Amino acid sequence: MLLSYPSSLRIHHSAFRTLVMPELPEVETVARDLRPLLVGRTITAVTRSKLKLRNPWWPAGEKAYLIGQRVLAIHRRAKYLRVELTGGGCLLVHLGMTGQFTVVPASAPTETHTHFVFELDDGKQLRFRDARRFGSVELHASDTAAAATLDSQLGWEPNDIDPVEFTTGVRSSKRALKARLLDQTFVAGIGNIYADESLFRAKIHPETRGVKVSIAGCDVLRIAIQQVIAKAIESRGSTIRDYVGGSGLRGGFQHEFAVYGRTGEACVSCATTIQVIRVAGRSSHFCPKCQRKK
DNA sequence: CTGTAATCCTGCGAGC
DNA sequence: TGCTCGCAGGATTACA
């Protein structure tokens with residue numbers, strides 16, 4: 001269903017006041033920022049808010065377990081972060097839509113919606129803040145097991161897509177490609193922004209069915225995904241309002257959007273007016289001339 | 001197999 | 001000016 005022009009305009013204006021959910025490039029930026037601040041540090045105290053995050057899993061005695069643990073490494077898989085600890089366990093973190101995972105001086109004022117504070121041995125604090133609480137922070141007893149579970153539930157990292165299997169996977173599905181790109185069990189880490197940007201780069205309409213894409217088209221799409229993700233990581237992700245990296249710095253990729261949030265504006269390639277439709281329950285921005293439906 | 005929609009949640013702008 | 005309303009969406013689940 002195509003929204004009317006006034007509706008499109010309304011959505012366009014609302015797009016830039018909306019929080020941007022952290023997708024793979026944002027989470028990767030957080031991981032890179034956190035590593036120098038966190039690896040080698042020891043947790044000396046833990047405080048939690050009473051509010052429930054999405055699907056939190058914490059074994060009994062978590063504070064006793066955590067205190068004295070040193071951070072061995074920070075890993076990223078798709079949109080998940082694992083803070084690996086010396087005891088063999090890890091903190092498994094998902095930023096949801098509005099999550100912020102930062103290291104700040106202990107003297108920094110505690111902002112609203114701060115759900116976890118991990119005090120560190122250098123006088124700083126690792127904090128998890130999440131206004132909408134779509135994110136999660138879980139303590140797992142085994143980092144290896146947590147990593148294996150993620151691997152069993154998630155598809156390829158974008159930079160590690162198997163070209164042949166990707167092509168087969170795309171062409172064996174009747175689903176709209178937009179829905180397919182959001183499916184974390186196929187390619188993991190893509191969210192609404194980078195799905196739209198990848199489809200624009202590949203010149204594929206978001207509603208195009210996988211079966212309709214040529215073998216060459218699959219190659220174009222795979223490379224488009226990889227280039228969009230790589231460029232976004234270079235720009236430290238996209239900040240519209242709230243997303244920040246692990247050191248609190250904002251991203252810059254929002255200045256490079258070709259279609260996302262640009263409803264009613266001119267296509268960067270052909271100047272045709274960018275449109276928005278709903279696909280897979282998500283707003284999907286595209287150029288009707290560059291991305292013709294097949 | 002496919003899609004749709006509700007669920008969790010808060011912030012914010014539009015409109016009255 | 002202050003209220004209500006609708007919308008934004010990641011992951012999951014229920015249902016058509």
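The structure displayed is predicted, hence computed values, not measured ones. Here is the naming used below: chain letters follow the sequence lines, and residue numbers restart at 1 for every chain.
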Ignoring backbone atoms, establish whether [X] has a side-chain N or O less than 4.0 Å from OP1 or OP2 of [N].
{"X": "Ser283(A)", "N": "dA8(C)", "value": "no"}
{"X": "Ser173(A)", "N": "dT2(B)", "value": "yes"}
{"X": "Arg282(A)", "N": "dA8(C)", "value": "no"}
{"X": "Lys79(A)", "N": "dA11(C)", "value": "yes"}
{"X": "His113(A)", "N": "dG11(B)", "value": "yes"}
{"X": "His94(A)", "N": "dA11(C)", "value": "yes"}
{"X": "Gln184(A)", "N": "dG10(C)", "value": "no"}

**Q.** side-chain hydrogen bond (donor to acceptor under 3.5 Å, both in side chains) partners of Arg48(A), counting only residues at least two apart
**A.**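 Applying side-chain hydrogen bond (donor to acceptor under 3.5 Å, both in side chains) to Arg48(A) gives Glu62(A).
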**Q.** Least distance between heavy atoms, Val213(A) atom then Arg171(A) atom
**A.**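 In terms of heavy atoms, the two residues are closest at O-NH1, 2.8 Å.
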Whole-Å distance between [N] [atom2] and [X] [atom1]?
{"X": "Ile193(A)", "N": "dG10(C)", "atom1": "CD1", "atom2": "P", "value": "8 Å"}
{"X": "Asp183(A)", "N": "dA11(C)", "atom1": "CG", "atom2": "P", "value": "10 Å"}
{"X": "Arg278(A)", "N": "dG9(C)", "atom1": "CZ", "atom2": "P", "value": "6 Å"}
{"X": "Met97(A)", "N": "dG10(C)", "atom1": "CE", "atom2": "P", "value": "6 Å"}
{"X": "Leu95(A)", "N": "dC9(B)", "atom1": "CG", "atom2": "P", "value": "19 Å"}
{"X": "Arg133(A)", "N": "dT7(B)", "atom1": "CZ", "atom2": "C1'", "value": "14 Å"}
{"X": "Phe134(A)", "N": "dG10(C)", "atom1": "CZ", "atom2": "P", "value": "10 Å"}
{"X": "Leu182(A)", "N": "dT12(C)", "atom1": "CG", "atom2": "P", "value": "13 Å"}

Q: Could you pick out which residue, Ala179(A) or Arg54(A), lies toward the 5' side of DNA chain B when each is mapped onto its nearest nucleotide?
A: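 This one resolves to Ala179(A).
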Q) How is Arg209(A) classified with respect to the nucleic acid when contacts are heavy atoms under 4.0 Å: base, sugar-phosphate, or nothing? A)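 Here Arg209(A) touches the backbone only, sparing every base.
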Q. Checking all strands, does Ala176(A) fall into the base, sugar-phosphate, or nothing category for heavy-atom contacts under 4.0 angstrom?
A.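 Since only primed, P, OP1 and OP2 atoms lie under 4.0 Å of Ala176(A), the category is sugar-phosphate.
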(Q) Closest approach to the side chain of Arg175(A), judged atom by atom: which nucleotide of dT2(B), dA11(C), dT10(B) is it? (A)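 Of dT2(B), dA11(C), dT10(B), dT2(B) is nearest to the side chain of Arg175(A).
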(Q) For Lys178(A), is there an ion pair with Glu207(A) - N to carboxylate O distance below 4.0 angstrom? (A)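 A salt bridge is absent here (no side-chain N lies under 4.0 Å from a carboxylate O).
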Q. Quick one: are the ring centres of Tyr194(A) and Phe253(A) less than 6.0 Å apart?
A.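 Centroid separation for Tyr194(A) and Phe253(A): below 6.0 Å.
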Q: Applying side chain to side chain donor-acceptor pair (under 3.5 Å), run through Asp196(A) and His285(A) and close with a yes or a no.
A: CA-CA 6 Å; Asp196(A) 283 3; His285(A) 313 74; 2.8 Å; yes
